[in-house]
Amino acid sequence: MDAATAATATAAAALVWFRKGLRVHDNPALDAARRSAARVYPVFVLDPRYLRSDPAAPSQGSARAGVARVRFLLESLRDLDARLRRLGSRLLVLRARDDVSDAVCAALKDWNIGKLCFESDTEPYALARDKRVTDFAAASGIEVFSPVSHTLFDPAEIIEKNGGRPPLTYKSFVATAGEPPKPVMEEYSELPPIGDTGGYELLPVPKLEELGYGDVSQEYIPPFRGGETEALKRMRESLQDKEWVAKFEKPKGDPSAFLKPATTVLSPYLKFGCLSARYFYHCIQDVYRSTKTHTKPPVSLAGQLLWRDFFYTVSFGTPNFDQMEGNKICKQIPWIENEELFVAWRDGRTGYPWIDAIMIQLRKWGWMHHLARHSVACFLTRGDLYIHWEQGRDVFERLLIDSDWAINNGNWLWLSCSSFFYQYHRIYSPISFGKKYDPNGDYIRHFIPVLKDMPKEYIYEPWTAPLSVQEKARCIVGKDYPKPVVDHEAASKECRRRMGEAYASNRLGGNPVKGNSSNSSRRKFSDGGQDVPDSSMSKQPR
DNA sequence: TTCTGGTTGTTACC
DNA sequence: GGTAACAACCAGAA
């Protein structure tokens, strides 16, 4: 159903189910509810599976989310509640006993809801959850309105426009997508009141301390506060500097900048929907209209929002997108298993200060610059350790405050040269890449205090410092700070060799017996086989 | 079948 | 701050 039809339908009571989309502006689901019902119940359901403390997890938080992201979520909910209250409403925070969908269905029934409105969500977990609710609604005669408003475009529409498959390059995605719809930005001063909530106990948004994660050190508070209010303020501040916006080129940012990050840091707000991607996109276009020239996609600021939609679209149209096995766009690579090396990477103890500082920033802030993410992802996978990208993906997914299923998986596929990007001989140096931006090592000194007195000559390679220098800096390598877990020169060389081998066997792989070379120009999406290459391209068959 | 272009490598050299 | 060599990938277009 489109927005206009939704608006004309009337229902006595509507329930707006917030999940992502934690905002009032450009919120078509909320908009449809307020137009069509005399009473509107804005609901958020706390998911115990997402929030329950897990003492066995490698850092404070739940099994699925680190404390930084949980804090960001709670701040966002408090802000949403405050904004709804200014409109004469409030956020109804429910606690699911087990399954979130059960809690929603119960509320729909208990409050005699005639219309359910929620933002469409394309993640597999969300699709399964939402289907349980929409099935219940259909069986109960409850009208459902579920608009696309998390992304610029509707991923399903783009796939259809592209002939039933997702575009696999950014360029073809942009060509297919065209211009995004405009945001819904109508101002209004009040919402319909909430109705009778019966015997429901209405609790305020819980405090982080109430969730049982123990004492959360002040050290682990990221410098970004959650919520729509903060999102809009941050966006306006970023867009105020029109020259900066017009000249923005993503690959040129400084990954070591942390006091004033080189990007907008709006990603966590987009992740939770505190900021509408469409509103942001259109505000950027306004800035472009006021400047003589501006950068273009893929590197421009607007181009970054298109990247986001690109990954949403490919992830929606690719079965098993979040794993190697059964994923047709993913190279099959025999990654090695090495718990010791993996834990060293995860906990920021590789002995490479640039890598470790980034991983510590991740644990403390839940955010790092994009290129910093590249450095550590490359190091874990095809660059040095040759460990499975899914293991790194899990660490990022849990700890990042902007952790986003489609984008996180997409970037790990990219960085591990498993999909999208295939130039595996391009490897980030864990020494020179950071040094290029921050020769003094201020970033390292900030996140790894034990190295703060190491002279700049050695800060990226402390194991090369003479013992007298290490003693003077009160940092003995091997005691106060680890020795490198691998030799980058040798490890990266070996990784290149293995990647070459893996690629060759992917070309040979699939079903060389069944494969029909006369057919090979047609891309086969329906079976497991990849096209059979010209034998002169291949190494020895095995 | 062939060609082109691809957000974000490093080092050496000018 | 620019360029070439390094070794050589793929999807999409023609």
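The sequence lines fix the lettering, A, B, ..., with proteins before strands; numbering per chain opens at 1.
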Exercise for review: Can you tell me the distance, in whole Å, between the CG atom of A:N506 and the P atom of C:dC9?
Suggested key: 13 Å
**Study point:** Check: A:W345 ring centroid to A:F379 ring centroid under 6.0 Å
**Key:** no
Review point. Among the nucleotides B:dT7, C:dA11, B:dT10, which one has an atom lying closest to any side-chain atom of A:T169?
Key: C:dA11
Point to revise | Candidates C:dA13, C:dA8, B:dT8 - which lies nearest the side chain of A:H374 | key: B:dT8
Revision key, fill the gap. With the side chain defined as heavy atoms from C-beta on, A:R507 is closest, among B:dT8, C:dC10, C:dG12, to C:dC10
Revision key, fill the gap. Taken to the nearest whole Å, CE/A:M499 to P/B:dG9 is 15 Å
Check your understanding: What is the ring orientation for A:F72 with A:F272, classed by angle as parallel under 30°, tilted 30 to 60°, or perpendicular over 60°?
Key -> parallel
Check your understanding: Under 4.0 angstrom, heavy atoms only, what part of the nucleic acid is A:I427 near: base, sugar-phosphate, or nothing?
Key -> sugar-phosphate
Review point. Out of B:dT10, B:dT7, C:dC9, which nucleotide sits closest to the side chain of A:K250?
Key: B:dT7
Review point. Looking only at atom P, what distance separates B:dT10 and C:dC10, rounded to whole Å?
Key: 22 Å
Practice item. Give A:K296 one of three labels, base, sugar-phosphate or nothing, depending on what nucleic acid heavy atoms sit under 4.0 Å from its own. Key: nothing
Check your understanding: For A:F421 and B:dG5, what is the distance between atoms CZ and C1' respectively, to the nearest whole Å?
Key -> 13 Å
Check your understanding: Please give, in whole Å, the distance from C:dC6 P to A:R426 CZ?
Key -> 15 Å
Exercise for review: Could you tell me which nucleotide pairs with C:dA7 by Watson-Crick or G-U wobble geometry, both distances under 3.5 Å, or answer none if nothing does?
Suggested key: none
Check your understanding: Under 4.0 Å: is that the gap between some side-chain N or O of A:S432 and OP1 or OP2 of B:dG9?
Key -> no
Review point. How about A:W389 and A:W414: are their ring centres within less than 6.0 Å of each other?
Key: no
Exercise for review: When you get a sec, tell me which of C:dA7, B:dT10, C:dA11 is the closest nucleotide to the side chain of A:Y422?
Suggested key: C:dA11
**Study point:** Spacing between A:K331 atom NZ and C:dA8 atom C1', to the nearest angstrom
**Key:** 12 Å
Practice item. Tell me whether the OP1 or OP2 atom of C:dA13 has a side-chain N or O from A:K171 closer than 4.0 Å. Key: no
Exercise for review: Please work out if A:F420 contacts a base, only the sugar-phosphate, or nothing of the nucleic acid, heavy-atom cut-off 4.0 Å.
Suggested key: nothing
Point to revise | C1' spacing across the pair B:dT8 / C:dG12, given as an integer number of angstrom | key: 22 Å
Exercise for review: Select base, sugar-phosphate, or nothing to describe what A:E249 touches, counting heavy atoms under 4.0 Å on all strands.
Suggested key: nothing
**Study point:** Whole-angstrom distance between C:dA8 and B:dG6, as gauged at atom C1'
**Key:** 13 Å
Exercise for review: Can you label the angle between the A:F173 ring and the A:F310 ring as parallel, tilted or perpendicular, going by 30° and 60°?
Suggested key: perpendicular
Practice item. Starting from P on C:dC6, measure out to OH on A:Y428 and report it in whole angstrom. Key: 22 Å
Exercise for review: Would you kindly give the CD-to-P distance between A:Q423 and C:dA7, to the nearest whole Å?
Suggested key: 15 Å
Exercise for review: Rounded to whole angstrom, note down the P distance from C:dA7 over to B:dC13.
Suggested key: 16 Å
**Study point:** Which nucleotide in B:dT10, C:dA13, C:dC10 has an atom nearest any side-chain atom of A:S172
**Key:** C:dA13
Review point. How about A:Y503 and A:Y424: are their ring centroids closer than 6.0 Å?
Key: yes
Check your understanding: Stacking here means centres under 5.5 Å and planes under 30°; does A:Y424 stack on C:dC9?
Key -> no
Exercise for review: Step through it carefully: locate the ring centre of A:W354, locate the ring centre of A:Y443, and say whether they are under 6.0 Å apart.
Suggested key: yes
Check your understanding: Quick one: A:R497 CZ to C:dA8 C1', roughly how many Å, whole number?
Key -> 17 Å
Exercise for review: Could you check which nucleotide pairs with B:dT7 in any of the strands shown, counting Watson-Crick or G-U wobble with both distances under 3.5 Å?
Suggested key: none
Review point. Can the ring centroids of A:H150 and A:Y312 be said to lie less than 6.0 angstrom from one another?
Key: yes
